[in-house]
Structures are given as structure tokens and as C-alpha cells.
Amino acid sequence: MHDNGRFGHHREPLRGRRPDAHPFGAPRYAARIFAINGERPSPGLSNRLIMKETILELLTAALDTLKHQGVLPADVAPSIKIDATKDKAHGDYATNLALMLAKPAGKPPRALAEALIDALPESSALSRVDIAGPGFINFFANTEAAAQVITTIFEQGDAFGRNQNGNNEQVQVEFVSANPTGPLHVGHGRGAAIGDSLSRLLEASGYAVTREFYYNDAGAQIDNLMLSVAARVKGLEPSDPAWPKDGYRGEYIKDVARAYMSGETVTAGDRATTAKGDPTDESAIRDFAVAYLRREQDLDLRAFGVEFDVYFLESALYRDHKVDETVKALVSGGHTYESDGALWLKTTDFGDDKDRVMRKREGGYTYFLPDVAYHLDKWNRGFTTVINEQGADHHSTITRVRAGLQALNAGIPQNWPDYVLHQMVLVTRSGQEVKISKRAGSYVTLRDLIDEVGRDATRYFLVARAATSQMTFDIDLARSQTNDNPVYYIQYAHARVCSVLRKAERDDRAFDSSEGLANLALLEDDREKNLMNRLAAWPELVARAAAAREPYQVAQYLQELAGEFHSCYNAVKVMVDDSATRNARLCLGVAVRQVLRNGLAILGVSAPEEM
RNA sequence: GCCCGAGUGGCUCAACUGGAUAGAGCAACGGCCUUCGAAGCCGUGGGUUGCAGGUUCGAAUCCUGCCUCGGGCGCCA
């Protein structure tokens, strides 16, 4: 399937970049995550459960007791939700269980909460359990139990936070997929940052991810590109009356024309293309222009830290008769008709608001058809989960592609594939909106941003907000106040831990992890406990963010973790004389550093040791 | 007109997917470096979560109807 040359390029897996299987018990951890969502925990797997799991086990036991006593009906099976509290006065964790059960039990929530607490087994992990408000149960962890997460982090290292929820399922993430008609702009950058981070997040959740880029290298836009280059070759300007009607007006077209005329060779994907230099050979100009712009995009993405496993060319669909085959399959599926000399698909049979043309009157196909053929090919390649990350301006294709796939009667699920849509990026400079239109001429490229504000900051900024929110990218702000970018705040926390370790070394008081781990109970400050609770929430956050396909949650989490670290660092001196306390605090710092590192890796942002 | 997304301090965004007093960062103001990195910390001010109803112990979150903004509704991709 993969060896017939249909794919433009296959890349060697980057062993260094993607964390592979790890030696520590991630599958076991996955079971725990699941348990938190309401299933019975598997008892006895570890004597070092994180706090939330401990509380879950205790509550489950209490529920059983109440059922036996007849206080609760035997058939209630609530999904127990345990939340980290916002307010320290509410303890470390809280549950609304009594509120949920009040109705089925026919008892007031507070009375039920009291019964639950009475039925709670003794546990050394908890120092106190309270009833609060309308019937919340608040749990106070004792320091030593909360600190166990540090030991877990030391054991698991880079693997801490990873899980096997994906069960190694093959998932394809298609993203960027820009037309090879110009440089990548900020919108593509957002797609690249979100798509790549989402891929990393899914990998951390145990999925086998294929990153794919689809090139629309056939069709009318490519003709426009060719005509534009041909016009520049002739020395025409966009202001000339003879300039092609829908031509690309950007300056970069001049570069393409110059390179073409000087016989340059460019390498893109798996093949090299040499310019013919013949100003009248449209086919040669087309091939060269596409190759040239593919190479440019590829370099930009590489500079952005984004690489793909598969580059899929639309032209390959035609070359391999996949488009024709798809038409045949659609016709025999019985949802097509001819009208006005065109061939239509009755997409209204599948929820579209109007039928769509497949084959134009003049004989060519609309873009919609290769899209269907492409997705059929994805399905045939065995991806049961496909996520298309794209700009919200393409959302109308969702209904059409899905309708087309249904019309094939190929047994493809109704809501396949999945989509993650990001809203448009509004770019401003000097308070003015900068248009992101290739045809309009001047605009801000992804390359500009990387050069001006740096790769880490650009990636972070573009991935740190929910894809559904429209965002404004203020170039002046990003460029002039790079220190205000939150990514530095996070990186600084990482560098600070490294710095303290260096100082310990310099002072001849080198970090002794075993002494530290043996004395974690000395971490008694509230801020230290906050940090430990935050660290304990990391695996759960990875699982949740992956399930929701929201990499921005990772950015959010890291910001909070870094904030709590800075706060703690400022208040609690690490390099104290007492070596047990000192090493325990260093352990906490190193654990924070580890989680920062694991999180930044998911965002594709570096974790510098000094800044 | 129909479809999708969004509306939260002056600005950019959160709110663990229905929980407790709606939180951060910029911007403003006041403090903290002869002590581990001040790219940091502490504090102050700033809100009828677009509007109106509804659902319930409880709503920024769910339902209905309006309003505003962005995107889409092509035999362009």
C-alpha cells in the first residue's frame, strides 16, 4: 500500500524527537485514569497511588458500605468526580458526590455527606475530612502522602504523564495542507502549531500518530500560479492591463520567475526539479513553481520544528486513477444525477443543504471530488481515527466530505473523519490590520514571525489559546516585548531549577536525591504542597487534553505550574544548611523541572538550562 | 435568509466540561535584590460573564428567543 510511490515522501521516524515506549508502568497508569472516570479501580496494583486515586478508593469503599447498610439503593452507580480545590480552605481535593446522590437516596446532601464520611475507611493519607457548603466533602492530604508524587516522578522521568489510553491505535493527523502557491502565513502557523502539538499529545496518550500534509498541486489555483509566474517572466507587473485576472501579486512570484529563468534546481519532497528556462513552456513553469514553493514551505516548517511523515499530492490521486474510481463508486452508489451537463452528487441525502457538482460541464472535476477520493484513500490505509486540523474557513467541506464518503457505501462511519478547526488569526501591525491574502500582495509570513519573535515564542503563542477562539496577533507587541511572552516565564522556571542545581554543585553541597526522597515529609509549606498537588494533576491533564484534542490545555497548565513554582521559590529558600530539608526541596524542584520539560516537549518548545 | 464559531475587568485569554468568593498575563498604581537567577515575587484598584427568559440544590457553562462580531453557503481550494 505504501510502496507504490503514491506518496511524495516518506521520512525516517525521528527517534530523538518522539519519546517511544518507556520502561515504567504507563499501562497501569492508564487503568487508573479510567478508574477516575467512574470505573472500579483495580486494587493492589501499587502501594503508591496518587492522592486522587486514594480518595477514589476510599469513597468507593464507603459507597459499598452504605449500600450494604441500606442507606443507599444498591443500584446507584455514580461516576465519582474528585476535583482539585481552588481555595485552600476547602482542602486539597473535594467531591460533590453527596450532592449527586441526594436525589436517588432521598436524603439531604449534608446528611448524606456525613454518612459517607462515617463510612470512609481509615487512611493515613488524609489528615482531615470536612463537610462544607451545600454538601461538598473536602479532603486534606497529609504532606507525606501528597509528596509521593515526587518519588513517582523520579521513577518515571520523561514517561511521567504519559498513558496508554490510545492502546497504540493508528491515528492520522492531517494539518497545514497549504496550497503550494505562496509562503506560509500566520494562519498556517496556527495550524502547524496546533496540529503538531496535538500529534505529540496523542503520542503521549499512547496513540501511533501519522502526521500528514496534503498538497493541492492540481486545479485552478495552480493554473493561476503558473500564469502569474509566466507573467513575471515576461516582466509584467500586477498593475499591467495584461496581468492575469486572478494572478498572485506577491513579490515572491518574481523570485520564482527569476529562479526559473536562471535554470535553478530545487529539491522538494523526494524529487529534484530543474527549471527549463523556457518562457513559453507552461507545463515546465507549473512544475517548477510548485516545487519551488513546496521547498519554501518545507523550510519554513522545519524552522518551526514541524515535520511530517507523509506528504500526499493531489496530483497522485489523478495519476493513479483514484478520482475516476471514486466517481464510479459514487455513481454505482446511486446518489448521483446529471443536470445542466454536469454530474451531481445528492449530498442532501446526507444532511447537506444543497447538492454539489462533482464533474463540471466542461469535464473537469470540482475540488470536492478529489477530497472524497483522498479521504477514501485514508480510510483504505486503515486509519480508523483521522483528525483534520484546518482553518474554520474550510468548515463547509466537513459536511460535503462526510456526505461523499457515505454515498460510497463503503462502511465508513457517519461522522468520520474528525475535525479540529481553528479560528482565523487577525494580524495587526502599528494598530492596522495586515491582510493575509496571497493574492493581495504584502502579508506577514510565518518565516517573518519566526525571525522576528523566535520559534519558541511563536509556537507557544499560537498554540496557547483554544482553537475556537479568534485571536489577534500583534506583531509590534510580539516583537518589542518578547520578555512579556508567557513562554519565557515557563522557560525561566525551568532554567531556575537548573541554576539552583548548579549552585549546589558550586557550593560543594551537591544534590543528594536519595536523602531528599527519604525526607519529603519535610516539605510542609502550603506553597510546596500546592506544587505537589499541581504535579500530581499532570498525568490526568495529559489524558484529558488528548481526549478533548486541546493542546492549549497543556500551555495553560504549564503557566500555572510555573507560577506556583516562582511563588514558592521566592518564599521558600532551597539552599538551607539542613541537608535533609535542602535535598527534599531540591527533589521538589527537580520534579517541577521534569514536568515542565515533559510539557514543553508536547508543545514543541525548548526547555533551556539557562537563559 | 440558512449553517458553524465566538461574545467574560481598558487589552489578550482562562475557568478542570454543571460546583463553593469567575481567575491569569499585559496595561495602571505601591512595595521587594549586600541571601539560591528581579525574564521573578508580594500587594491595590478594576466584572450585572452581550440581552431576556427557562431547567435545579447550584449556570459563564445546558435549553429557547433576540443582539453583535468573525467565517462559510462557487461548476474556486
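Computation of the quantities below employed the complete heavy-atom set of this structure, encompassing side-chain atoms and omitting hydrogens, waters and symmetry-equivalent molecules. The sequence lines fix the lettering, A, B, ..., with proteins before strands; numbering per chain opens at 1.
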Test item: Val542(A) and Asn598(A) side chains (from C-beta on) under 4.5 Å apart, heavy atoms: no

Between C41(B) (P) and Asp526(A) (CG): distance, integer Å: 18 Å

Residue-phosphate contact under 4.0 Å: Ser567(A) side-chain N/O, C42(B) OP1/OP2: yes

Listed nucleotide nearest any side-chain atom of Gln221(A), set A77(B), G40(B), G19(B): A77(B)

Arg496(A) side chain near A38(B) phosphate (N/O to OP1/OP2, under 4.0 Å): yes

OP1 or OP2 of G37(B) under 4.0 Å from side-chain N/O of Lys503(A): no

Candidate nucleotides C41(B), A6(B), U17(B), ranked by approach to the side chain of His566(A) - the nearest: C41(B)

Separation of U17(B) C1' from Tyr552(A) OH (nearest whole Å): 9 Å

Pairwise C1' distance, A60(B) and A22(B) [rounded to whole Å]: 8 Å

salt_bridge(Arg249(A), Asp246(A)) N-O dist < 4.0 Å: no

Over 12 non-hydrogen atoms of neighbours within 6.0 angstrom of CD in Gln414(A): no

Listed once per pair and sorted, the salt bridge (charged side-chain N to carboxylate O under 4.0 Å, His left out) pairs that draw on residues 553-573 of chain A, sequence neighbours left out: Arg534(A)-Glu560(A), Arg534(A)-Glu564(A)

Spacing between Glu564(A) atom CD and G23(B) atom P, to the nearest angstrom: 14 Å

Thr468(A), nearest nucleotide to its side chain (from A6(B), G37(B), C57(B)): A6(B)

Member of Tyr215(A), Tyr367(A), Phe312(A) meeting the ring pair (Phe, Tyr, Trp, His ring centres under 6.0 Å) criterion with Tyr374(A): Phe312(A)

Side-chain donor-acceptor contact under 3.5 Å, Asn388(A) with His375(A): yes

Interatomic distance, Asn570(A) CG vs C32(B) C1' [rounded to whole Å]: 8 Å

Sugar-phosphate, base or nothing in reach of Lys86(A), heavy atoms under 4.0 Å: base

salt_bridge(Lys378(A), Glu174(A)) N-O dist < 4.0 Å: yes

Secondary-structure stems for RNA chain B, with pairs counted as Watson-Crick or G-U when both distances are under 3.5 Å and runs at least 3 long: B:1-7 with B:67-73, B:10-13 with B:23-26, B:28-32 with B:40-44, B:50-54 with B:62-66

Met611(A) CE to A38(B) P, straight-line distance once rounded to whole Å: 13 Å

What nitrogen or oxygen pairs link the protein and nucleotides 70-73 of chain B at under 3.5 Å?
| unit_1 | atom_1 | unit_2 | atom_2 | d |
| --- | --- | --- | --- | --- |
| G71(B) | N2 | His395(A) | NE2 | 3.2 |
| G72(B) | O2' | Ser396(A) | OG | 3.3 |

Closest nucleotide among C13(B), U21(B), C76(B) to the Lys360(A) side chain: C76(B)

For C33(B), glycosidic torsion class - syn if within 90° of 0, otherwise anti: syn

OP1 or OP2 of C41(B) under 4.0 Å from side-chain N/O of Tyr489(A): yes

Out of A20(B), C13(B), U17(B), whichever nucleotide has its closest atom nearest the side chain of Thr85(A): A20(B)

Sugar-phosphate, base or nothing in reach of Ala84(A), heavy atoms under 4.0 Å: base

Face-to-face contact Phe136(A) to A20(B) six-ring, under 5.5 Å, under 30°: yes

Most 5' of Asn96(A) and Gly563(A) on RNA chain B, judged by nearest nucleotide: Asn96(A)

Sugar-phosphate only, base, or nothing, as touched by Val572(A) at under 4.0 Å among non-hydrogen atoms: base

Sidechain N-carboxylate O distance under 4.0 Å for Arg509(A), Asp577(A): yes

Whole-Å C1' distance, C67(B) and U55(B): 23 Å

Touch class at under 4.0 angstrom, heavy-atom based, for Asp340(A) against every strand present: base

Test: Arg549(A) and Glu389(A) ion pair at under 4.0 Å: no

Validation row, ring centre His395(A) to ring centre Tyr419(A) under 6.0 Å: no

Syn/anti state of U49(B) by chi, 90° boundary around 0: anti

Distance between P atoms of A20(B) and U61(B) (Å, rounded): 13 Å

Separation between the P atoms of U49(B) and A59(B), rounded to whole Å: 12 Å

First of Thr95(A) and Gln559(A) reached from the 5' end of RNA chain B, by closest nucleotide: Thr95(A)

